[in-house]
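To find a chain, count down the sequence lines: A is the first, B the second, and so on, and within it residues start at 1.
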2 protein chains.
Amino acid sequence: MTKGGPQARQRIVAGAADMISRRGLNATSIREMAKHAEAPLGSTYHYFPEGKQQLATEAVRYAGETIARMLRKELEAGPVAGLRAFLGLWRTIVIDTEFRAGCPVLAVSIEEPPPGEIPPALAAAAAVFDDWEKLLANSLREHGAAPGQAEQLATLTVAAVEGTVAMCRAKRSIEPLDRTAEQLQALIAGAIKG
Amino acid sequence: MTKGGPQARQRIVAGAADMISRRGLNATSIREMAKHAEAPLGSTYHYFPEGKQQLATEAVRYAGETIARMLRKELEAGPVAGLRAFLGLWRTIVIDTEFRAGCPVLAVSIEEPPPGEIPPALAAAAAVFDDWEKLLANSLREHGAAPGQAEQLATLTVAAVEGTVAMCRAKRSIEPLDRTAEQLQALIAGAIKG
DNA sequence: CTCTGGCTATAACGCTCGTCATAGTCTAGC
DNA sequence: GCTAGACTATGACGAGCGTTATAGCCAGAG
């Protein structure tokens, strides 16, 4: 049986991350998230009593952790290998979904917060970006890059990939990602040698 | 008088671009766009008979042209000057709006299109990115960069800036943009010398 | 068997959405 | 002044939204 039980919670979170990565947070309704996960609407409020914000927050963290785990593993073979895996992951997502999906973390980042407060989903997105950057920067430093350079390069890499994925979706072409990939690889390869 | 007349059309488009850059396309309603431009709701359907899609398309083109015009002008002083102006523009937007606004072109790019068709606003976003890239690439080539390198660097620049602006919004900090700025400036300065 | 507590089913709340229709107002040109 | 056409005012349409409430199911502990 794939339905019911606590594993439904997991399915809802994963499905929410997927839907947010396609349509953005605001265009993704709780009803659709439930349907997509084959869970009843009532269950979403059972598992996520704080409503949509909580669900979005967990979806962002889930996607962030999934990618961070992959990054950590691939970075063991060095920064260039890690970068290649990072780029390859996004390449697969964009192509397999026919340019329909992107990054849920970016999607959450560009929604205006209500005045005077920071929604938890937005804070989670910031934490995910920080996480990814730190993983890259640490690996760069460990392989001989200057500390300041490592930080800047890590930020540039994450930002460029996020931006390029969005550009690929608009253009319905993978070419921007391949161009960005070449530039970043040359950059990072150079930084750990100099 | 600031109300009424054909100049209302302009105000609606400019206001729509601003609102989309803050909340994304889906979270921006026609009613709010009208109110924001101090125009009656009926007027939006008078000026934009195809409804929201048309308004979004014009908003994307408007924002794209505004920035392209600025880029064209600043690039006359060379690629590094153009890049600096580009970065400075986004820096101002992000800071002046207290991390609430970003790029409307990016915002439109990450909305899932209906199956089997490409909404005009998405096509317009792709065209705007192309425009910006071509301006940068041409300037790079004119200043001695190798053609392939120029194209890749232009794509990287646009993507990195777009991605960084989103990161700045999530983190509520301008630091990512300053880091990206340093890296891109070094890169572009290097490319037109070698 | 009974009872408890996790999960589901169903319906409703007030609200906003995109869009359309219709009638009214205003202004320029004759 | 009068008429045409650009613009506005108003209200409605069905639909979907996030959220809440209430009652029901049903496995497993006692």
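- With sequence neighbours left out, B:Ser21 forms a side chain to side chain contact (heavy atoms under 4.5 Å, CB included) with B:Asp18, B:Ala101, B:Pro104.
- Going from atom NE2 of A:His46 over to atom P of D:dG18 covers 20 Å, rounded to whole Å.
- Under the side chain to side chain contact (heavy atoms under 4.5 Å, CB included) criterion, B:Arg61 pairs with B:Thr57, B:Ala124, not counting sequence neighbours.
- What separates CD of A:Gln54 from P of D:dT19 is a distance of 11 Å, to the nearest Å.
- The salt bridge (charged side-chain N to carboxylate O under 4.0 Å, His left out) search around A:Glu182 returns none, not counting sequence neighbours.
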When the side chains of residues 71-87 of chain A are checked against the rest of the protein, which donor-acceptor pairs come out under 3.5 Å, sequence neighbours left out?
unit_1  : atom_1 : unit_2   : atom_2 : d
A:Arg72 : NH2    : A:Glu65  : OE1    : 3.4
A:Arg72 : NH2    : A:Glu65  : OE2    : 3.3
A:Arg84 : NH1    : A:Gln185 : OE1    : 2.5

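- Side-chain atoms of B:Leu156 and B:Leu187, non-hydrogen and from C-beta on, do get closer than 4.5 Å to each other.
- When the side chain to side chain contact (heavy atoms under 4.5 Å, CB included) test is applied to B:Phe99, the partners found at least two apart in sequence or on another chain are B:Val94, B:Arg172.
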For nucleotides 26-29 of chain C, give me every protein contact, N/O to N/O, under 3.5 Å, one pair per line with atom names.
none

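- Closest to the side chain of B:Pro40, out of D:dA9, C:dC7, D:dC7, is D:dA9.
- Cluster partners of B:Leu41 are B:Ile30, B:Tyr45, counting Ile, Leu, Val, Met, Phe, Trp and Tyr whose side-chain heavy atoms approach within less than 4.5 Å, directly or via other members.
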Each nucleotide N or O in nucleotides 17-21 of chain C that has a protein N or O under 3.5 Å away: list the pair and distance.
unit_1 : atom_1 : unit_2  : atom_2 : d
C:dC17 : OP1    : B:Ser29 : OG     : 2.7
C:dG18 : OP1    : B:Lys52 : NZ     : 2.8
C:dG18 : OP2    : B:Ile30 : N      : 3.0
C:dG18 : N7     : B:Arg31 : NH2    : 2.3
C:dG18 : O6     : B:Arg31 : NH2    : 2.8
C:dT19 : OP2    : B:Tyr45 : OH     : 3.0
C:dT19 : OP2    : B:Lys52 : N      : 3.0

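- The salt bridge (charged side-chain N to carboxylate O under 4.0 Å, His left out) search around B:Glu133 returns A:Lys171, A:Arg179, not counting sequence neighbours.
- With sequence neighbours excluded, the residues that form a side chain to side chain contact (heavy atoms under 4.5 Å, CB included) with B:Pro115 are A:Arg100.
- Residues A:Leu106, A:Ile110, B:Ile110 make up the rest of the hydrophobic cluster containing B:Leu106, defined by ILVMFWY side-chain heavy atoms closer than 4.5 Å, directly or through other members.
- One interatomic measurement links the two molecules: CG of A:Leu55 to P of D:dG18, which rounds to 10 Å at whole-angstrom precision.
- Contacts between residues 12-24 of chain B and DNA chain D, defined by a heavy-atom separation under 4.0 Å, are absent.
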